[in-house]
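To keep things clear, I will list the structure first and then write my remarks on it.
These numbers come from the heavy atoms of this one structure, side chains and all, not from hydrogens, waters or symmetry mates. One-based numbering along the sequence shown.
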Amino acid sequence: MENLFKAIQIQTLTGCNRSCKFCANSQVSSSFGEEMPDHIFDSIVQQLKKLKYAGRISPYLMNEPLLDKALEYKIQKIKKAIPKAHIRINTNGDLLGTKRFISLFNSGMDGIIIDCYDSTKQFNAMLNLVKSGIKSVPDVILQPKFNIRKTPIKKRFAQVYDCSNYEKDSPYLTNYAGHVQRDIGIKLPLKRSCFTVFEQMFVNHKGDSVLCCQDWAFQVILGNVAKDGLLAIWQGKILEDYRNKLSQADRSQLVLCNNCDSRNEKDMKYRVEK
């Protein structure tokens with residue numbers, strides 16, 4: 001289906017085992033260990049199946065995915081119902097061992113991105129762990145050269161990042177729509193578009209579709225996916241209003257966007273010059 005979202009994140013479980021100072025998890029009070037009800041998860045999967053979805057599915061949102069002990073089972077459900085989807089997670093790797101690495105890929109996962117925040121030593125240890133795991137899943141490419149952000153992807157991969165030396169104005173960091181204070185000399189609101197609302201959907205553990213992954217306080221609820229449906233939400237008025245404003249590079253009147261310093265080169269694709 002044309003004009004469908006290219007990626008969807010699903011919060012199967014709330015909480016993270018870390019509280020990094022650069023992350024909204026250290027600033028926003030939120031629940032820990034609340035699991036998405038089965039009927040909501042199953043509804044999402046069946047809706048994506050009906051849409052013949054072939055984009056990226058990430059079974060996590062604002063949480064550490066490996067805390068979910070049923071993650072492999074959920075990945076199996078997704079892969080069985082939506083075989084053309086690319087299933088990918090991002091993790092801090094703290095709970096990742098060789099056996100878990102192998103079980104995740106054997107369950108049907110297509111990609112894993114591991115961010116090592118502590119040190120280069122930690123990064124090297126994680127890289128060796130992944131190399132060991134790949135011996136049992138040889139079709140997985142380590143540190144791929146292809147663009148992992150592009151969808152759809154036909155190859156499976158594992159990528160490990162050394163994130164221990166973030167610069168002050170790292171492109172990977174944001175202020176999480178005002179939840180994290182960053183003094184980097186950016187004047188808000190930015191006169192810039194944002195690709196997110198044109199390409200991605202985000203569903204929290206309650207089944208509520210939220211504006212984006214910066215919306216840690218769930219300030220902008222687009223609808224409930226079990227009641228309203230993914231497609232109706234994606235084509236709904238709230239997102240239409242955000243897209244219209246952002247296509248003009250106007251964040252000033254948009255909740256969250258007016259306090260957000262997120263910047264991406266893909267944003268320019270959705271900017272319409274006056």
Side-chain angles (χ1 to χ4, degrees), residues 7-23 25 32-33 35 41 55-167 170-173 213:
I8 182 170
Q9 287 186 241
I10 305 166
Q11 190 178 51
T12 67
L13 188 75
T14 63
C16 182
N17 59 302
R18 287 189 175 230
S19 185
C20 302
K21 64 180 181 180
F22 56 78
C23 177
N25 187 49
F32 187 97
E35 190 171 4
F41 180 81
R56 172 165 60 86
I57 300 176
S58 293
Y60 75 95
L61 173 65
M62 307 169 193
N63 72 298
E64 168 50 50
L66 298 187
L67 285 170
D68 189 344
K69 295 180 180 179
L71 185 60
E72 282 89 339
Y73 173 68
K74 292 168 184 174
I75 290 173
Q76 286 176 348
K77 271 191 170 183
I78 295 170
K79 182 58 71 174
K80 182 178 180 180
I82 321 159
K84 291 185 178 180
H86 180 87
I87 306 171
R88 183 195 311 177
I89 64 170
N90 283 56
T91 172
N92 57 42
D94 292 348
L95 304 175
L96 186 65
T98 304
K99 289 184 178 180
R100 189 84 196 268
F101 179 89
I102 295 169
S103 71
L104 285 165
F105 276 104
N106 284 343
S107 70
M109 184 178 72
D110 296 296
I112 187 170
I113 300 172
I114 308 164
D115 294 325
C116 301
Y117 297 110
D118 294 339
S119 64
T120 299
K121 182 179 179 180
Q122 179 201 23
F123 163 76
N124 289 326
M126 183 57 64
L127 198 58
N128 288 332
L129 183 154
V130 171
K131 288 178 180 177
S132 176
I134 283 179
K135 292 178 182 178
S136 298
V137 278
D139 66 316
V140 175
I141 299 170
L142 176 61
Q143 308 296 65
K145 302 300 181 182
F146 55 81
N147 183 1
I148 63 171
R149 311 279 174 197
K150 187 177 180 180
T151 53
I153 293 178
K154 302 300 182 183
K155 300 176 181 178
R156 305 210 293 172
F157 72 88
Q159 191 151 41
V160 188
Y161 284 106
D162 184 351
C163 302
S164 61
N165 189 29
Y166 273 118
E167 297 179 359
S170 168
Y172 299 104
L173 297 180
C213 57

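Using a 3.5 Å distance cut-off with no hydrogens or angles, the side chains of Gln11 and Asn63 do not pair a donor with an acceptor. When only modelled atom types and interatomic distance are considered, Ser103 and Glu72 share a side-chain donor-acceptor pair under 3.5 Å.
Between Cys16 and Phe32, the shortest heavy-atom distance links the atoms O-CE1, 3.3 Å. In plain terms, the two heavy atoms of Leu96 and Leu129 that are nearest each other are O-CD1, 3.4 Å. When every heavy atom of Pro65 is checked against every heavy atom of Leu71, the shortest pair comes out as O-CD2, 3.6 Å. Closest non-hydrogen pair, Pro59 versus Ile87, comes out as CD-CG2, 4.0 Å. Minimum interatomic distance between Gln159 and Phe157 (heavy atoms only, all atoms of both residues): N-CD1, 4.1 Å. Contact record, Val137 with Phe101: CG2-CE2, 3.9 Å, taken as the closest heavy-atom pair.
For the atom pair Leu13 CG and Leu61 CG, the distance stands at 12.0 Å (nearest 0.5 Å). Interatomic distance, His86 NE2 to Ile148 CD1, rounded to the nearest 0.5 Å: 8.0 Å. For the atom pair Thr91 OG1 and Ile114 CD1, the distance stands at 7.0 Å (nearest 0.5 Å). Here CG of Asn165 is found 14.5 Å from OH of Tyr117. Values are rounded to the nearest 0.5 Å. With rounding to the nearest 0.5 angstrom, the OG1 atom of Thr98 is 9.5 Å from the NZ atom of Lys135. Taken to the nearest 0.5 Å, the CD1 atom of Ile75 stands 9.0 Å off from the CG atom of Asp68.
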Q: Evaluate the salt bridge (Lys or Arg N to Asp or Glu O under 4.0 Å) criterion for residues Arg18 and Asp115: first the C-alpha distance (whole Å), next the side-chain angles of each, then the deciding distance (0.1 Å), finally the verdict.
A: CA-CA 12 Å; Arg18 287 189 175 230; Asp115 294 325; over 6 Å; no
**Q.** Check against side-chain contact (heavy atoms from CB on, under 4.5 Å), Asp110 and Lys79
**A.** CA-CA 10 Å; Asp110 296 296; Lys79 182 58 71 174; 2.8 Å; yes
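The closest side-chain heavy-atom distance from Leu127 to Gln143 is below 4.5 Å. You'll find the side chain of Arg100 reaches within 4.5 Å of the side chain of Leu66, heavy atoms only.
Salt bridge annotation for Glu35-Lys69: absent, with no cationic side-chain nitrogen under 4.0 angstrom from a carboxylate oxygen.
Side-chain atoms of Thr14 come within 3.5 Å of backbone atoms of Gly33 as a donor-acceptor pair (strictly under, hydrogens ignored). Side-chain atoms of Gln9 never come within 3.5 Å of backbone atoms of Ile57 as a donor-acceptor pair (strictly under, hydrogens ignored). Proximity of a side-chain donor or acceptor of Arg56 to a complementary backbone N or O of Ile153 within less than 3.5 Å is not detected.
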